[in-house]
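Data block below; observations after.
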Amino acid sequence: MNMDEDIAYSTIAALGGAIRSGAITAVELARFFLARLEKYGSRYNCVVTITRDLALEQAERADRELKAGKDRGPLHGIPYGAKDLLSTRVIPTTWGCAPYKDRVIDHDATVIRKLRDAGAVLTAKLAMIELAGGMGYRQANACLTGPCRNPWKPSQWSGGSSSGSGAAVAAGLVPFAIGTETWGSITTPSSYCGVSGLRPTYGRVSRSGAMALSWTLDKIGPMARSAHDCGLILNAIAGEDPDDASTSNRPYAYPPADRLDRPFKFAVLKNGVSNANGDVKANFNAAIEILKTLGSIEEVDPPSLPFAQAASTILSAESASVYEEMLESGIVAQLTAPEDRIGGYADHATLATDYLRAQRIRAKLCRELDRFFEPFDAVLTVPTGDTAPTAEGTFGGRGHARSLGGPGNVCGTPAIVIPTGLSKDGLPTAIEFDGRAYSENRLLAVAIAFQTATAWHSARPRLDD
Amino acid sequence: MIIIDRLHRRAFVRAFACAGTAFAAFTVRSFGDDRKAETIKKDGDEKTATKTPDAEKPASRPAENATKNADPFEIEVEARMNLVLARFGERIDDKARKDVRREVEAIVRRARELRKYPLDNGDGPGTVFVPYRAPIA
């Protein structure tokens, strides 16, 4: 295999095949992506730390083991980047904010450990919105490393809070990345950057060693070149963890042993994209036409229940507690975005009774949402009503769409976002598939079927040299 | 040292004053804005009176009357805003107060929406407490 752009945009399966056939070594692959991270990382403000020494050490181990006949699976020798809220021994973990720019949490997050055990090679800690957006940022420049720029159009934002994870995968700086989501932080950057992003069911992936924003809302998931890659990554990071009591003991395996032997059953929200940006709407409708060839589509109304109010109240109360010491100490005054320096104070006006009421309502909402999802393999929406906003200044008024972001996050259900094309000005658009708790493999099957019928996930931005 | 002492004293006085306001307003706020609440509001006032001897003094009456006539939403926002200021007021300048207040208003609005959702006694929270026992070594 030649060291050219094709490698930068290859899937995990293709890169793994090249390593196993001897066409390339894990060390050569690591050096190739390290060079791209060094060349383009600062252009898009998507990298916090390049982990060169660790990457080469892990890649050498991968080559040595393969030579000795030990194959750790699909991620063996594959480089990746991690959102910089996942703790890593020796290497700084900044949470995207200036006060912690040199802080080392000398402990590997469970996800980092699991990926190392799966043979993956950590090449970079990636940029993120400071404190994962917990202070209510209203601009792209709410980040230690500056506004994260979209590889498709650098004047635009990459999305957040997993900003660097989206941009680095889109620019071919890493084959895959790990992002996190409390409410939209995987789905939004995946949509804006034209990559495939999977938000797993709450509790599917351990958060031990990850910065907490909201203990009962935070999830960790993969962002990659294809839905199939997302499945391979989730397979490596999912599972019960004694260090995170919220993790589920439900087994997860990808690829799944059984296949669906009937056409898919989809639902689409009534007037879901009526107020969306024209290109988002047009590309969503085109995607629906393709999905009609894969199954039936029914138009539905989601239950009219206080999903967003419950989610916001829970987020307010939990983040007030999470960031209490930062507010007390005044550290927040050092954050980059002015609105983030004061954004946490109001959360302390949330009462314990508000929080508990929201949690009691949540238990009922989860049942209602499961009843709503149950007849379908996936409910189809757009993750964002518009394409990526500007990377400069405050976010303005934009297109809106009916979303399942509030219901999905407060009820901890999974979703996958995949690209549906480009807008007239060259920015990615996307579709989101939502489903019942623990239905990741069903959602992946839908996304893979769509990606088999289309090539949008293979589109590449032109990085001007 | 003198400056620090003065700051501390001022912070204490402000916190005390704000907390007092918050408590008074909560007593009214907690019982809502409908006719049924009007009856309970009187109970609330009585409770306040028994717990706080100063509430009997004529000087406190105008404030109580003012809160009785005010918009319950505004009273609740004011009370919660005062809780925030009691704790973090020194770090929030006048310009920031407007933003913080807007956020507090959103929090109160959401809380009031959630209060409309019917719950039964047995509807427990969506989180489950699990007692811990260390595994056998």
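This is a predicted model, so every value here is computed, not measured. Here is the naming used below: chain letters follow the sequence lines, and residue numbers restart at 1 for every chain.
- Ranked by heavy-atom pairs under 4.5 Å with chain B, the list Ala308(A), Ser329(A), Pro242(A) is led by Ser329(A).
- Closest of all the heavy-atom pairs between Asp347(A) and Gly343(A) is OD2-O, 4.2 Å.
- Across Arg101(B), Met81(B), Arg102(B), Glu113(B), the residue that shares the most heavy-atom pairs under 4.5 angstrom with chain A is Glu113(B).
- In this structure, the side chain of Lys95(B) does not engage the main chain of Asp93(B) through any donor-acceptor pair within 3.5 Å.
- For the set Thr127(B), Ile92(B), Leu119(B), Asp99(B), the count of heavy-atom pairs under 4.5 angstrom toward chain A peaks at Leu119(B).
- The backbone N or O of Arg138(A) lies less than 3.5 Å from a partner atom in the side chain of Glu339(A), making a donor-acceptor pair.
- When Ala96(B), Pro118(B), Ala106(B) are compared by the number of non-hydrogen pairs under 4.5 Å with chain A, Ala96(B) comes out ahead.
- With respect to Arg207(A), the salt bridge (Lys or Arg N to Asp or Glu O under 4.0 Å) criterion is satisfied by exactly one of Asp243(A), Asp241(A), Asp244(A): Asp244(A).
- Contact tally against chain B (heavy-atom pairs below 4.5 Å) for Cys366(A), Ala333(A), Ala358(A), Ser312(A): the top residue is Ser312(A).
- Within the 4.5 angstrom heavy-atom criterion, atoms from both the backbone and the side chain of Glu328(A) approach chain B.
- Ranking Arg362(A), Gln309(A), Arg357(A) against chain B, the residue ahead of the rest is Arg357(A), based on heavy-atom pairs under 4.5 Å.
- Note on ring orientation: taking the six-membered ring where Trp is involved, the planes of Phe88(B) and Tyr345(A) are tilted (angle from 30° to 60°).
- The existence of a salt bridge linking Arg112(B) and Glu76(B) is confirmed by a sub-4.0 Å separation between a basic side-chain nitrogen and an acidic carboxylate oxygen.
- When Leu356(A), Leu327(A), Thr353(A), Thr216(A) are compared by the number of non-hydrogen pairs under 4.5 Å with chain B, Leu327(A) comes out ahead.
- Heavy-atom distances place both the backbone and the side chain of Val100(B) under 4.5 Å from chain A.
- The two atoms that bring Ala346(A) and Glu103(B) nearest to each other are CB-CB, 3.2 Å, heavy atoms only.
- Interface remark: Leu114(B) contributes backbone and side-chain atoms alike to the contact with chain A (heavy atom separation under 4.5 Å).
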